[in-house]
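Every chain is numbered from 1, with letters handed out A, B, ... down the list of sequences. Treat the numbers as computed from the prediction; the structure is a model and nothing was measured.
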Number of protein chains: 2
Amino acid sequence: MAKIKSSKNATKKETIVEKASKLFFEKGFSASSMRDLAERVGVEAASLYNHIRSKEELLQEICFKAAQHYTENIDAIEKEDTPFIQKIEKILRFHIDQMINNYEVVQVVDRDWKHLSEPHLTNYHNERRAYRKRITAIVEEGIRRKEVKDIDAPTAVLIMLHAVSGIESWHRSVQKISAKDLEENILLILLKGLGK
Amino acid sequence: MAKIKSSKNATKKETIVEKASKLFFEKGFSASSMRDLAERVGVEAASLYNHIRSKEELLQEICFKAAQHYTENIDAIEKEDTPFIQKIEKILRFHIDQMINNYEVVQVVDRDWKHLSEPHLTNYHNERRAYRKRITAIVEEGIRRKEVKDIDAPTAVLIMLHAVSGIESWHRSVQKISAKDLEENILLILLKGLGK
DNA sequence: CCTACCGATCGGTAGG
DNA sequence: CCTACCGATCGGTAGG
């Protein structure tokens, strides 16, 4: 409930992780240097290591915090007693919201999670697979109840999750469309299709 | 027409670019070293520079060759005298095919084009925008002719292009679904929607 | 195509 | 939090 948004009462480590998210988003994890990061934080590179153990720890923080956020959301949706097509809609709305309001983190996680080292790499990979499986189960139940078209559920999940990631480009564009309109358009396309 | 597919009569430079595509796909452009690449090609790192000018030239080759391929396809589709909803379907089929049969290149281009230096970065960015605009124009004409739902066309294009990129995960998965079934499922979802 | 090597930069540590 | 510095690795060149 207590959402801290880059405010002054954030830990120094939190500040570092936040600056790292933006840096990694802009340059990618591998092309980002600790000296780059230190400059943005406003200290010397060596000083960062009083708050973090390594560059990779930053990536771990980013990836697993995001994963936890995703898990909490799917927990809540699974518990709800609503039609399955509505659960799918809520999952989509959550991902759209994340991509609009937390896109640096989302993009870094999607693009750079492969740079995690073991055992974190395997752990993260498993979390990712588990998350997709839970969404797949919801889609499959939706199909069984005739609320969803008879499609291959894992394929549908891949499309749902990746279609939404396209909004990243929206941030850089002229943004002639509002965030709300964007959300409704995406839902319309994915739920009802492009064709008339 | 003459498609050479990693055959023996490829130039040494072509071999290097091909190996680079796979390496960049696996590790990302920035995390790939020329010594990595040299080992895969079977020579010393210094020897690569008899065939290429720099590491970045490899990325340029990959990005602009792909861009040319995309442009040729949209050229052909624009010329066709078919319903616009069919043009959209053909665009989708082209991208699905690329993602299934040429996924290393597609992924490298999408993930690492930002590491191009000027003036290539701007050139590539412009080509990308122009390509999307041409697809957007097709979607808009489809809407005008009532073949396509009345949606925000740029948003639809973002979704189309990114939804397809989700298939990359399909490669890593168990592949219980065939390429043909995958293609038909994607088209069904994007053209007709998830809902029943 | 190789050996030998360059300057630059990297992530990270020691010690205060 | 800083100065000073480490070994490793990077992209790339010289010269044959």
- May I have the distance from L37(A) (atom CG) to dG12(C) (atom C1'), rounded to whole angstrom? 14 Å
- Check whether any side-chain heavy atom of T71(A) lies under 4.5 Å from a side-chain heavy atom of R134(A), and answer yes or no. yes
- Message: What's the closest nucleotide to the side chain of K55(A) if the choices are dG12(D), dC2(D), dG11(C)?
- Response: dG11(C)
- Task: Assess whether atom CD of E56(A) is packed by more than 12 heavy atoms of other residues, nucleotides or ligands within 6.0 Å.
- Result: yes
- Message: Measure CG/L23(A) against P/dC10(C) and give the value in whole Å, please.
- Response: 11 Å
- Message: Can you confirm whether K27(B) is buried at NZ, in the sense that more than 12 heavy atoms of other residues, nucleotides or ligands lie under 6.0 Å from that atom?
- Response: no
- Report which part of the nucleic acid S33(B) touches: base, sugar-phosphate, or nothing (heavy-atom distance under 4.0 Å, all strands). sugar-phosphate
- Between C1' of dG12(C) and CD1 of I52(A), the distance in whole Å: 10 Å
- To the nearest Å, give me how far apart CE (M34(A)) and P (dT9(D)) are. 19 Å
- Task: Flag the pair F24(B) / E104(B) as yes when at least one side-chain heavy-atom distance between them is below 4.5 Å, and no otherwise.
- Result: no
- Of the candidates dC1(C), dG11(D), dA4(C), the side chain of A46(B) sits closest to dA4(C)
- Message: In this structure, which stretches of DNA chain D are paired as stems of three or more consecutive Watson-Crick or G-U pairs, both distances less than 3.5 Å?
- Response: C:1-16 with D:1-16
- Under 30°, 30 to 60°, or over 60°: which ring-plane class applies to F25(A) and Y103(A), parallel, tilted or perpendicular? perpendicular
- CD of E39(B) versus C1' of dC2(C): gap in Å, rounded? 16 Å
- 5' precedence on DNA chain C between A45(B) and R35(B) (nearest-nucleotide basis): A45(B)
- Task: Write down the distance between CG (L48(A)) and P (dC10(C)), rounded to a whole number of angstrom.
- Result: 13 Å
- Item | Aromatic plane relationship, F64(A) with H120(A) - under 30° parallel, 30 to 60° tilted, over 60° perpendicular | perpendicular
- Message: What's S32(A) touching, base or sugar-phosphate or nothing? Going by heavy atoms closer than 4.0 Å.
- Response: sugar-phosphate
- Task: Give the ring-plane orientation class for F94(A) versus H69(A), where under 30° counts as parallel, over 60° as perpendicular and anything between as tilted.
- Result: perpendicular
- Taking for each residue the nucleotide of DNA chain C bearing the nearest heavy atom, is the 5' side occupied by E44(B) or by D36(A)? E44(B)
- Item | Distance, rounded to the nearest Å, where I16(B) contributes CD1 and dG12(D) contributes P | 13 Å
- Message: With a cut-off of less than 4.0 Å, is there a side-chain N or O of K12(A) near OP1 or OP2 of dC1(D)?
- Response: yes
- Distance in angstrom units between N50(B) CG and dC1(C) P, rounded: 7 Å
